[in-house]
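We name chains A, B, ... by the order of the sequence lines, and we start the count at 1 in each one. All figures in this text were calculated on a predicted structure; none of them were measured in a lab.
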Amino acid sequence: MELARPEFVPDSSLSRTEMEALQTDIADAGVFTDDLGSTFGQPPVVAGVDQAFDGEQATSAVVVMQGTEVIERTHATEPTEIPYIPGLLSFREGGAILAAFERVEQKPDVVLVDGSGRIHFREAGLATHIGVTLDVPTVGVAKNLLCGQPRESLSEPLPAGERVPIEADEDVTAPDGTVIGYAVQTRQYDSGSRHINPLYVSPGHRVSAETAADVVARHATEYKLPEPTRLADAYADELTS
DNA sequence: GCGACAG
DNA sequence: ATCTTGTCGC
């Protein structure tokens, strides 16, 4: 795949202020409504991307699927220049991800990115950064909530299939109350003391919050994580061990 | 100063 | 993310 917006490639040498300014531009370029293109296959081509680290090296693994079939697997390793800073994750992991996608032949209909998309202080999380830079539809899939406010309390376990809107609050640039994503319960235990936490799904680029949640729910039937994400996670771990 | 915060 | 064995409950 090719870079659509080279000016948005994450540069870890920027100052924190410059990084935040770039995110503001990225959010402006981001599309949080459905624009998945007319090439949506039968079934759609869905890619998952995830990273694993070893010391100063970040390995990004991409798994491309169509239905239940893996049609491509690629990876790239890049040095990590900066530590993890909440809100600036893309400047730590984005380089490795873009390097991996440079080697991807099959253009996916949608990419599932580990982390937040619009659920971000400046509405420019990792999924949005990658989506806008490559101009590919992306969805953010996070295991924890970075910011925003669940419309309903999530202290009680949600049944599988349920979803709760995540709304913008004062910590997010979007107008208060804007639905910036969903807590999506893909799996749940039938009963007992233990329970499964939901995933926090948000639009990255060219996808609405509703469609983002739909895509994740549709691909996460056997396990909590959607299959492309799960396989990319395992592949990244395998490459680092 | 305190709190809060994806991976 | 990563360091790490067993263990409890589906």
Side-chain angles (χ1 to χ4, degrees), chain A residues 10 12 16 19-20 23 26-27 30 48-62 75 77-98 100 111-131 138-150 154 157 159-160 166 168-173 180-205 209 212 216 221-226 229-230 232-241:
Chain A
S12 55
R16 179 171 184 137
M19 290 179 181
E20 293 176 349
Q23 289 183 328
I26 288 166
V49 58
D50 188 41
Q51 289 67 249
F53 301 80
D54 72 282
E56 300 287 275
Q57 301 279 285
T59 294
S60 182
V62 178
H75 66 92
T77 298
E78 291 284 312
T80 56
E81 316 280 24
I82 60 171
Y84 165 66
I85 301 169
L88 299 178
L89 180 65
S90 61
F91 292 91
R92 171 173 167 80
E93 304 190 351
I97 296 174
L98 292 176
V111 177
L112 305 181
V113 180
D114 62 307
S116 286
R118 197 184 186 185
I119 295 180
H120 180 274
F121 311 118
R122 290 166 292 281
E123 302 174 82
L126 181 60
T128 304
H129 202 142
I130 297 303
T138 55
V139 170
V141 182
K143 300 179 196 68
N144 293 285
L145 190 58
L146 173 63
C147 59
Q149 191 63 47
L154 296 176
I166 304 298
D169 57 16
E170 51 281 354
D171 295 336
V172 181
T173 48
I180 55 177
Y182 283 92
V184 178
Q185 197 73 48
T186 56
R187 301 272 295 172
Q188 189 53 277
Y189 294 138
D190 299 314
S191 65
S193 57
R194 295 184 22 166
H195 65 90
I196 300 175
N197 292 136
L199 291 173
Y200 298 93
V201 179
S202 59
H205 183 49
V216 169
T221 51
E222 304 294 307
Y223 299 90
K224 168 176 177 172
L225 289 175
T229 301
R230 209 176 65 82
D233 184 276
Y235 185 32
D237 282 343
E238 174 189 322
L239 289 166
T240 336
S241 57

ask   = What base-paired stems does DNA chain C take part in, with at least 3 consecutive Watson-Crick or G-U wobble pairs and both distances under 3.5 Å?
value =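 As far as DNA chain C goes, consecutive pairing (with distances under 3.5 Å) yields no stem.
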Please report the distance, rounded to the nearest Å, between [atom1] in [X] and [atom2] in [N].
X         : N      : atom1 : atom2 : value
Asp50(A)  : dA1(C) : CG    : P     : 7 Å
Leu88(A)  : dA1(C) : CG    : C1'   : 16 Å
Asp237(A) : dC3(C) : CG    : C1'   : 14 Å
Asn144(A) : dT2(C) : CG    : C1'   : 15 Å
Glu93(A)  : dT2(C) : CD    : C1'   : 12 Å

Under 4.0 Å between any heavy atoms, over every strand shown, what does [X] touch: base, sugar-phosphate, or nothing? Just pick one.
X         : answer
Tyr200(A) : nothing
Phe53(A)  : sugar-phosphate
Ala52(A)  : sugar-phosphate
Ile119(A) : nothing
Leu199(A) : nothing

message = Is there a side-chain contact between His129(A) and Ile97(A) in this structure, where contact means two heavy atoms from C-beta onward sitting under 4.5 Å apart?
response =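 They are not in contact (no side-chain heavy atoms under 4.5 Å apart), so the answer is no.
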ask   = Would you say the side-chain atoms of Arg92(A) pair up with the backbone N or O of Ile82(A), donor to acceptor, closer than 3.5 Å?
value =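 Yes; judged by distance alone, with no hydrogens or angles, the pair exists.
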Nucleic acid contacts of residues 122-131 of chain A, taken as heavy-atom distances under 4.0 Å to DNA chain B =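 Residues of residues 122-131 of chain A under 4.0 Å from DNA chain B: Gly125(A), Leu126(A).
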Going by atom type alone, with no hydrogens or angles, which donor-acceptor pairs under 3.5 Å involve a side-chain atom of residues 233-241 of chain A and a protein atom two or more places apart or on another chain?
residue	atom	partner	partner atom	Å
Thr240(A)	OG1	Ala236(A)	O	2.4
Ser241(A)	OG	Asp237(A)	O	3.2
Ser241(A)	OG	Glu238(A)	O	3.2

request  = Give the C-alpha distance, both sets of side-chain angles, the deciding distance and a yes or no for side-chain contact (heavy atoms from CB on, under 4.5 Å) between Gln23(A) and Ser90(A).
outcome  = CA-CA 10 Å; Gln23(A) 289 183 328; Ser90(A) 61; 4.2 Å; yes
request  = Walk along DNA chain B from 5' to 3' and tell me the first and last nucleotide with an atom closer than 4.0 Å to a non-hydrogen atom of chain A.
outcome  =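 Extent of the interface on DNA chain B: dC5(B) to dG7(B).
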task = Working to the nearest 0.5 Å, report the span between CG of Leu146(A) and CG of Asp171(A).
result =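 Output value for this atom pair is 9.0 Å.
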message = Would Leu199(A) and Val216(A) count as a side-chain contact (heavy atoms from CB on, under 4.5 Å) here? Give the steps.
response = CA-CA 9 Å; Leu199(A) 291 173; Val216(A) 169; 4.0 Å; yes
request  = Return the stems involving DNA chain B, sorted by first number, where pairs are Watson-Crick (N1-N3 with N6-O4 or O6-N4) or G-U wobble (N1-O2 and O6-N3), both under 3.5 Å, and runs are 3 or more long.
outcome  =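 Nothing qualifies as a stem here.
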With the criterion being N/O to N/O and under 3.5 Å, what pairs connect the protein with nucleotides 5-10 of chain C, and how long is each?
residue	atom	partner	partner atom	Å
dC8(C)	O2	Arg194(A)	NH1	2.4
dC10(C)	O5'	Ser191(A)	O	3.4

ask   = Applying the side-chain contact (heavy atoms from CB on, under 4.5 Å) test to Leu126(A), which of Thr138(A), Val113(A), Val49(A) qualifies?
value =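 In the set Thr138(A), Val113(A), Val49(A), the residue that makes a side-chain contact (heavy atoms from CB on, under 4.5 Å) with Leu126(A) is Val113(A).
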